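Predicted model only: the values in this text are computed from it and were never measured. Just so it is clear, the values below take in all heavy atoms, side chains as well, and ignore hydrogens, waters and symmetry mates.
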Amino acid sequence: MDAPAFEPKLKETRWDPSLELEILKKWEEEDLYRFDGKSRKRLFLIDTPPPYPSGRPWHIGAAAHYTQIDMIARTARMMGHEVYFPIGIDRNGIPVERYVEREKKIRLTALPRSDFIRICSETLDELESEMLWVMRRAGLSGDFKNHYRTDSPEYRALTQTTFIDLFKRELIYRSSRPNNFCYDCGTTVADAEIDYAELPTDLVYMVFDLVGEGSIVVASTRPELLGACKAIIYNPADDRYQGLEKRRALVPVYGREVPIIAHPAARPDFGSGIVMICSYGDKSDVQLFRELGLEEVILIGTDGRMLEAAGPLRGLTVEEARQRIIDMLKDEGRVVKIERIIHQIPICERSNTPIEIIPMDEYYLTQLSLKEELLEASSKMTFYPEFHRQLLIDWINSLKIDWPISRRRYYATEIPIWYCKSCGQPNLPQPGKYYRPWMESPPFEKCYNCGGTEFQGEERTLDTWVDSSISPLFISGYLRDEKFFRRAYPVSVRPQGKDIVRTWLYYTLLRCYQLAGKPPFRAVWISGMGLDEKGEKMSKSRGNVIDPRPILEKYGADVFRFWCAQEASLGYDFRISEQRIASAGKFITKLWNIARYVSQFPQPSRARLTPADRWVLSELSILIEESMRGYREFNFFVPATRVRNFVWNIFANHYIEMTKIRALRRGSQKGNAEAAWYTLHLILKNCLKLLAPITPFITDYIWRTLYSEKSIHLERLPIPRWDKSFSKYTEALVEFNSSVWKQKKEKNLSLREPIEVTIPEQLSLFKEDLMVMHNIVGTS
RNA sequence: GGGGCCGUGGUCUAGCGGUAUGACGCCGCCCUCACACGGCGGAGGUCGUGGGUUCGAAUCCCACCGGCCCCA
């Protein structure tokens, strides 16, 4: 006697990703993720990384990164916090200028400053809208309505305010010292902005005459710096050169007499073991000049050409000068040999061209004297995962100079200073407003120092990290909403990639500590990098970048998000391949079909549970516990893999199969249908909640179709409230079912055909369900 | 030169003191009333190498090798 067939409430046999667009619209109409700053709930502020629109397509690894940050927001929300998930875009600095120069073939200096700025701004708008599209389409529950930009007058005013504050407190100072200079960008760059490249370089072995008699061979990759050579060193342990100290050498071409010094910085195995010290071939030259008290010679100008002091090389570029001097040395018979070596060369990370070290007059932000305090402050922050804490500690410990913060560029926050034309003193405006000294007249009449009335506006700008390093202050209302700031700062979590620990994380800690006297975050969440299929970094030059947009359109956001969660364990690098994204889609289909199956049954409010029901609820409790352990440390890999395993390998394969006959009220089994219906819905509801932060679309769709008019995203994450003791049967159940399937297979029986098997004593509790499930006949 | 992470069947991965988990791929059978983006079954690994600790190690310790990333 068959009961009437039930009608599933979910009709289609698979999840349609285009439904996501309707759901998105609904979320926006409902303003579902609105942040209420006055809420009594505990505030949870996320210092979302404002991404930098520096090119296209936007990196799929970045899209993955932001969806994971969204999972943090959703998790916190479902844990009962009032979540502020701001969306910001970082729009200051060299990257966009270089993008414009490259893509539009315009030199920064070839246009009036205001025109160049306008083009940068328009370009940023285009790039930004692409990023915002990806974020929105990926289902980010952020505050898109009020998205902020680091180049807005409001943001720049705050940056300038902090500059004025720190300048007055003498934490910002002006100094002329050897600095990394990129000719291509035309500006000083910080250590944090330098990369190293292995490039083939000529190591030139040159004969230097000694004063008196004899000669030595000096090996150098920078012969064009001969004119700045102020000393010669060799290693004191190098037997070949004992007796050289106290001698002096004559620099070829320039004829200058320089001392020869035994110093451990010389590596006996490099070149001839004798090295010339010039201002400035590299960092160690800077250090030795300071240590030995040598007087620097400036050979290279800011245009990358040789200066007066270079004598016969004057006016040449560095490259030309190198060739010229080699020729000159050859003419004098001073070149012993030239060796082609692979050499590490510091390059600018923006332009990828070699940087030079030249003394420049720049503004610096004090950091060296704060190292201990910063280490102390960082120890108060929780790191997820803990092992990435070391990246920050190592960087703080390796700091060698204060942070040069001024840049000779256009598209950035202006340094808010006017210089008095009569006494030269810097005059700073009142904090709180946005100033552009290069085009505006000063907001004051007289020089504070001499009373002069003529001013020259500062033309330099600030390093872009000066802006982005105050994002936690910006989002928490610093100086703009003191009441909110007191509740909101330090912010709850800083999520970011491990590649910008030395820049964004470090600079934020430094700046916020200086300004607010406290570390900026309670927790730091550091993710690994998205690499290509072979485990190598994605980059345009390698040609292995993947555009996230077609992936999102083809598979949908939930598939992409589920893939993100199950692919990347917290803090570890992960590989990106379309094939693996596609396979994540299978789980989404599976989930959909399970929900579709369950959707046909009524939802009893209570039921008398059978052993099978109690068993699957035991497993559910364990699943919730394990998943919550992952959620509490924002490691979505844990819930994603655990839920997937439960849903597929426990719930679908075993529980649903065990209860199918009674749930469908087929055959003689109908007494316990209600218990099956009740349990099926209970499991589904809880799995949907567990998955909601990871796959917000499909879970909300199913939730609203089956369970509530309100969104699942207003629910709390589940609590493991069921007795776990029945999980002791799991292994035996799985094994028994498997063995029956195998026997049927071997006997060539269809799964519905009867079979004679013995149910193990251990599983006698489940006898009723197992008998009908496998159509077991006979007894034992 | 320094640091971090990683080395588990063809590929990727779980496990982190009791001789191995799952996925993808592969082979075979099955359109079984939620799902063929499915189900069932199968082949395939001495867990990078060497040593040590232990009754017992992929799991702890040491050394080495290899890969990736970061820094100097």
Side-chain angles (χ1 to χ4, degrees), chain A residues 2 5-15 191-192 194-196 267 269-270 282-284 287 344-346 349 385 387-395 397-400 497-503 526 528-538 555 559 563 566-569 571-601 637-638 640-642 644-645 647-649 651-653 656-657 660-661 663-664 666 680 684 737-746 748-753 773-775:
Chain A
D2 280 3
F6 297 112
E7 271 296 307
K9 287 188 183 164
L10 301 170
K11 308 288 181 205
E12 308 299 323
T13 59
R14 68 189 54 152
W15 167 247
D191 285 349
I194 288 175
D195 282 335
Y196 287 78
R267 282 167 44 201
D269 59 330
F270 182 78
D282 59 26
K283 284 237 166 96
S284 74
Q287 206 181 323
Q344 297 266 22
I345 293 174
E349 72 169 6
F387 65 82
H388 276 337
R389 179 191 297 280
Q390 202 58 36
L391 296 173
L392 177 63
I393 292 175
D394 288 350
W395 180 249
N397 282 326
S398 74
L399 294 171
K400 293 283 190 302
K498 71 176 189 188
D499 56 330
I500 50 174
V501 166
R502 65 183 168 139
T503 48
I526 296 180
M529 310 309 298
L531 307 172
D532 75 0
E533 283 171 299
K534 300 189 192 93
E536 289 176 12
K537 199 168 152 179
M538 282 194 186
Y555 299 99
V559 169
W563 165 80
Q566 67 156 27
E567 191 74 27
S569 193
Y572 292 90
D573 293 348
F574 56 97
R575 302 183 184 200
I576 302 172
S577 86
E578 181 166 346
Q579 196 208 348
R580 293 180 70 84
I581 295 171
S583 73
K586 292 188 183 177
F587 174 68
I588 301 299
T589 307
K590 188 74 186 175
L591 177 70
W592 175 261
N593 275 293
I594 287 168
R596 178 165 178 255
Y597 169 76
V598 174
S599 77
Q600 69 186 306
F601 300 117
F637 177 83
V638 175
T641 52
R642 298 292 191 281
R644 181 188 194 282
N645 185 53
V647 164
W648 211 316
N649 298 323
F651 187 45
N653 285 1
I656 288 184
E657 294 303 332
K660 198 171 254 176
I661 304 289
L664 289 167
R666 295 271 155 79
L680 287 165
L684 178 60
N737 288 336
S738 203
S739 81
V740 176
W741 286 323
K742 190 172 177 177
Q743 285 178 55
K744 287 198 171 176
K745 184 109 226 155
E746 280 163 359
N748 234 337
L749 299 170
S750 93
L751 293 179
R752 276 199 281 174
E753 286 179 79
M773 169 190 190
H774 295 297
N775 198 3

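A gap of 24 Å separates the P atoms of B:C33 and B:G28, to the nearest Å. Nucleotides B:C47 and B:U8 are separated by 11 Å at their P atoms, to the nearest Å. Using atom C1' as the reference point in both B:U59 and B:G48, the two lie 15 Å apart (nearest Å). Here, B:A72 and B:A63 have their P atoms 26 Å apart, quoted to the whole Å. Remark: the separation of the P atoms in B:C37 and B:G45 is 31 Å, to the nearest Å. Rounded to a whole angstrom, the distance from the P atom of B:G4 to that of B:G50 is 25 Å. Rounded to whole Å, the separation between the P atoms of B:G3 and B:U49 comes to 25 Å. Taking atom C1' on both B:C6 and B:U11, the two are 16 Å apart, rounded to the nearest angstrom.
Among the protein residues, A:I656 comes within range of the nucleic acid bases, having at least one heavy atom under 4.0 Å from a base atom. Using a 4.0 Å heavy-atom criterion, one finds that A:Q566 contacts no nucleic acid atom at all. Residue contacts for A:L391: at a heavy-atom cut-off of 4.0 Å it reaches no nucleic acid atom on any strand shown. A:D573 comes within 4.0 angstrom of nothing in the nucleic acid, heavy atoms only. Within the 4.0 angstrom heavy-atom criterion, no nucleotide atom of any strand lies near A:W592. Counting non-hydrogen atoms under 4.0 angstrom, A:F637 reaches the backbone sugars and phosphates but no base.
Within the 4.5 Å cutoff, no side-chain heavy atoms of A:V501 are placed close to those of A:H388. Under the 4.5 Å side-chain criterion, counting only non-hydrogen atoms from C-beta, A:F587 is not in contact with A:W563. Residues A:V740 and A:M773 have side chains not in contact (no heavy-atom distance under 4.5 Å, counting atoms from C-beta outward). A heavy-atom distance below 4.5 Å is found between the side chains of A:D499 and A:M529. Inter-residue side-chain proximity for A:W648 and A:I594 is flagged as unmet; no heavy-atom pair is nearer than 4.5 Å.
Nearest to the side chain of A:F387, among B:C69, B:A34, B:C5, sits B:C5.
Atom-to-atom, CG of A:N645 to P of B:G22 comes out at 8 Å; the value is rounded to the nearest Å. Distance, A:W563 CH2 to B:C12 C1': 13 Å, rounded to whole Å. Following rounding to the nearest Å, A:M529 (CE) and B:C70 (P) show an atom-to-atom distance of 8 Å. Rounding to whole angstrom units, CE of residue A:M773 and C1' of B:U32 are separated by 12 Å.
Heavy-atom neighbours of A:Q390 CD from other residues, nucleotides or ligands within 6.0 Å: above the threshold of 12.
In this structure, B:A20 forms no base pair with any nucleotide, since neither Watson-Crick nor G-U wobble geometry is met with both distances under 3.5 Å.
Classified by interplanar angle (parallel below 30°, tilted 30° to 60°, perpendicular above 60°), the ring pair A:W592/A:W15 is tilted. The aromatic rings of A:W741 and A:H774 sit perpendicular, their planes meeting at an angle over 60°, well past the 30° parallel limit.
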- Query: Reading nucleotides 35-43 of chain B 5' to 3', which nucleotides get B (base under 4.0 Å from a protein heavy atom), which S (sugar-phosphate only), which -?
  - Reply: B-BSBBSS-
